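Numbering starts at 1 and runs along the sequence shown. These numbers were taken from a predicted model, which means no experiment stands behind them.
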Amino acid sequence: MTTFIKNGTVVSATGRHSTDVLVDGTVIAALLQPGSSTAISAESGADRVIDASGKYVVPGGVDCHTHMELPFGGTFASDTFESGTRAAAWGGTTTIVDFAVQKTGENVRDSLEAWHAKAEGQCAVDYAFHMVLGGIDDAALKEMDALVAEGITSFKLFMAYPGVFYSDDGQILRAMQMAANNGALISMHAENGIAIDVLAEQAAARGQTDPVYHGITRPARLEGEATNRAIQLALVAGAPVYFVHLSASEALERVAEARDEGHNVFAETCPQYLYLNLEDHLGAPGFGGAGYVCSAPLRTKEHTHQKDLWRGLRTNDLAVVATDHCPFCMKDQKELGRDDFRAIPNGIGGVEHRMDLIYQGVVMGELSLERWVETCSTTPARMFGMYPQKGVIAPGSDADIVLYDPNAKTEISVDTHHMNMDYSAYEGFSIDGKVDTVISKGRVLIEEDEYLGVKGHGVYLPRGLSSYLQ
Ligand code: URP
Ligand code: ZN
Ligand code: ZN
């Protein structure tokens, strides 16, 4: 089956060109000069022709931070691999990297097998795994080399959530030393969880139990402190480090300093930190703020966090935009913490909206079109060892292609989204632009507002080492 995509503007991380694209089976076969004899003959021989006039033709989105069915706070993230990857497809994301989770005391292999069992045969788009190491012990350290060899080339460690996922500095240093030898990338949740637990307990004892206290007891300073500590540990170990869900200027400053000194320090941010804030969202009246409880938390609008994060995306101190998609419904899930913010499951769903929300950065003049593609597709693929199979429209790459219509308008709402959530954190947001057509490995998944995918089309992707470390 061949598909010829004509009249579009192909956008890559480095430029934009009027180029026709020939897809053969599951891969991109050629990029052709419009009107050239090769393009004319490719079009006439194609099984299917897609007219992309007026549209951007971009590599499918790569969301390197999702949590399908994550067990958290006595419940499970509400998207399964089936519903979550279908929602991803609707939003132009054709690859996810989810976190297989080993909690403190659990066996790493058993935890990974459980994740494979949840995902296999369920996914609309391709998927890979990072491994969460919760409370690193000797057995977990021993497994790291084997996991890297079989395609799990990044490990998330937590400086937050004592007793659940938390690792102390010695445990982190040991894991980083392993990574320095085996080429893995350590991803870090950088918040000082020990200090946060003290502040949270004190707030609850004062009767301050509303959702907004989730944010107030997780000050930006404690993200900055943990970020600095993790960088120092990484430098001592000689390992690279990648900060997930960076939310605060204080953390970004530490990352920028380390990068200016030439160290392999990388970071991602997420749409929620670019658009939502502590006062208006986490501090919404009644229990509404529970829908915005996530960690790191939304930051105050009194500070320049959001402005700084957009700047970081431009300067590459923030290399990636991921969603940290971790959806919970208000009913029966967020409600678990109605009397105490500490019992609200942490997480916001957004896998469906990342491409649209970050495209608004282009509309607002914060990012170039190329930088949109780079932060949402190309760099995550390179960072996590999936490039050039993913993240680029080039001969030989998987035919994961999104036609994006810059002239259409949409609105985000719980009434129209496809994630398994009973609210939307971005309710009422107007989007300039629209994901028009989504192709995964040559198969059209979304066309004319219809889902044409099937579960099981997406398969597990073993990953290589990060392109940035070789
Ligand atoms: O609130 C969040 N981010 N929930 C998911 C777990 C994590 O720390 O990424
Ligand atoms: Zn985290
Ligand atoms: Zn996460």
Side-chain angles (χ1 to χ4, degrees), residues 60-103 106 110-132 134 151-152 154-156 158 164-165 187 189 244-245 268 270-272 291 293-295 321-329 332-334 345-355 380 384 386 390 417-425 438 440 445 451 453-463:
V62 178
D63 189 344
C64 58
H65 190 153
T66 70
H67 299 283
M68 307 304 172
E69 300 176 54
L70 175 75
F72 199 109
T75 184
F76 287 83
S78 56
D79 264 319
T80 60
F81 278 89
E82 184 186 355
S83 65
T85 57
R86 195 171 50 224
W90 273 103
T93 286
T94 51
T95 306
I96 63 160
V97 190
D98 203 84
F99 288 83
V101 173
Q102 177 236 3
K103 284 191 183 166
E106 290 175 353
D110 293 348
S111 308
L112 177 59
E113 285 320 310
W115 240 261
H116 276 297
K118 288 191 217 201
E120 199 176 345
Q122 301 299 311
C123 293
V125 299
D126 285 349
Y127 63 98
F129 294 142
H130 312 277
M131 189 83 221
V132 164
I152 302 213
S154 46
F155 297 87
K156 183 175 177 188
F158 287 80
V164 187
F165 297 128
S187 291
H189 180 134
V244 291
H245 50 54
E268 76 181 22
C270 311
Q272 52 269 36
V293 166
C294 61
S295 298
V321 181
T323 57
D324 194 5
H325 176 73
C326 191
F328 296 99
C329 291
D332 296 337
Q333 295 200 297
K334 293 286 186 180
N346 285 204
I348 291 183
V351 74
E352 189 169 345
H353 302 311
R354 184 182 61 124
M355 299 299 279
F384 291 105
M386 296 177 284
K390 304 294 185 188
H417 75 198
H418 302 86
M419 300 176 290
N420 187 28
M421 292 172 72
D422 60 3
Y423 75 101
S424 171
V438 179
S440 157
L445 301 187
Y451 177 68
V454 282
K455 70 175 187 172
H457 170 74
V459 298
Y460 173 68
L461 291 175
R463 294 180 291 117

| request: Quick one: do Asn346 and Ser295 satisfy side-chain hydrogen bond (donor to acceptor under 3.5 Å, both in side chains)? Show the steps, please. | output: CA-CA 6 Å; Asn346 285 204; Ser295 298; 2.6 Å; yes
| message | Please determine whether side-chain hydrogen bond (donor to acceptor under 3.5 Å, both in side chains) holds for the pair Asp98 and His67, giving the CA-CA distance in whole Å, both sets of side-chain angles, and the decisive distance to 0.1 Å. | response | CA-CA 6 Å; Asp98 203 84; His67 299 283; 5.5 Å; no
| message | Is there a side-chain contact between Val101 and Leu70 in this structure, where contact means two heavy atoms from C-beta onward sitting under 4.5 Å apart? | response | yes
| task | Apply the test side-chain hydrogen bond (donor to acceptor under 3.5 Å, both in side chains) to residues His65 and Glu268: give CA-CA distance (whole Å), side-chain angles for both, the deciding distance (0.1 Å), then the verdict. | result | CA-CA 9 Å; His65 190 153; Glu268 76 181 22; 2.7 Å; yes
| Between NZ of Lys103 and OG of Ser111, what distance do you get to the nearest 0.5 Å? | 10.0 Å
| task | Could you check Val293 against Phe328 for side-chain contact (heavy atoms from CB on, under 4.5 Å), going step by step and ending with a plain yes or no? | result | CA-CA 10 Å; Val293 166; Phe328 296 99; over 6 Å; no
| query | Taking His189 as the fixed residue, which of Phe99, Phe155, Phe158 is the one that meets the ring-ring contact (aromatic ring centres under 6.0 Å, His included) rule? | reply | Phe158
| field | Pairing residues for Arg463 by the salt bridge (Lys or Arg N to Asp or Glu O under 4.0 Å) criterion, not counting sequence neighbours | value | none
| message | Testing the basics here: between Pro345 and Gln333, what is the closest heavy-atom pair and its distance to 0.1 Å? | response | CD-O, 3.2 Å
| Considering all heavy atoms of both residues, which atom of Val244 and which atom of Ser187 are nearest to each other, and what is their separation? | CG1-CB, 3.9 Å
| remark: Taken to the nearest 0.5 Å, the spacing of Arg86 CZ from Phe81 CZ works out to 14.5 Å
| task | Could you name each residue pair satisfying salt bridge (Lys or Arg N to Asp or Glu O under 4.0 Å) that touches residues 111-130, not counting sequence neighbours? | result | Asp126-Lys390, Asp126-Lys441
| task | With sequence neighbours excluded, tell me which residues meet salt bridge (Lys or Arg N to Asp or Glu O under 4.0 Å) with Lys334. | result | none
| query | Considering the options Asp63, Thr95, Leu445, which one meets the side-chain contact (heavy atoms from CB on, under 4.5 Å) requirement together with Val125? | reply | Leu445
| query | Yes or no on side-chain contact (heavy atoms from CB on, under 4.5 Å) for His353 and Met419, after CA distance, side-chain angles and deciding distance? | reply | CA-CA 10 Å; His353 302 311; Met419 300 176 290; 3.6 Å; yes
| Is a side-chain donor or acceptor of Arg354 paired with a backbone partner of Val321 at a separation under 3.5 angstrom? | yes
| query | Are a donor atom and an acceptor atom from the side chains of Glu352 and His417 found within less than 3.5 Å of each other? | reply | no
| query | Side chains of Ser78 and Met421: closer than 4.5 Å at any heavy-atom pair? | reply | yes
| query | Which atom pair, heavy atoms only, marks the closest approach of Gly291 to Ile348? | reply | O-CG1, 3.8 Å
| message | Does the plane of the ring in Phe129 sit parallel, tilted or perpendicular to the ring in Tyr127? Use 30° and 60° as the thresholds. | response | tilted
| Which atoms form the tightest heavy-atom contact between Thr94 and Ser440, and what is the distance? | CG2-CB, 4.4 Å
| query | So, Asp79 and His325: side-chain donor and acceptor under 3.5 Å apart, yes or no? | reply | yes
| Where is the tightest heavy-atom contact between Val351 and Thr66, given as atom of each residue plus distance? | CG2-CG2, 4.2 Å
| Distance in Å, His130 NE2 paired with Ser154 OG, rounded so as to fall on 0.5 Å steps | 4.5 Å
| query | Is it true that the side chains of Thr80 and Glu69 contain a donor and an acceptor less than 3.5 Å apart? | reply | no
| query | Atom SG of Cys294 and atom CG of Asp324: how far apart are they, to the nearest 0.5 Å? | reply | 7.0 Å
| task | Kindly give the heavy-atom pair with the smallest separation between Tyr460 and Pro462, and that separation in Å. | result | O-CD, 3.5 Å
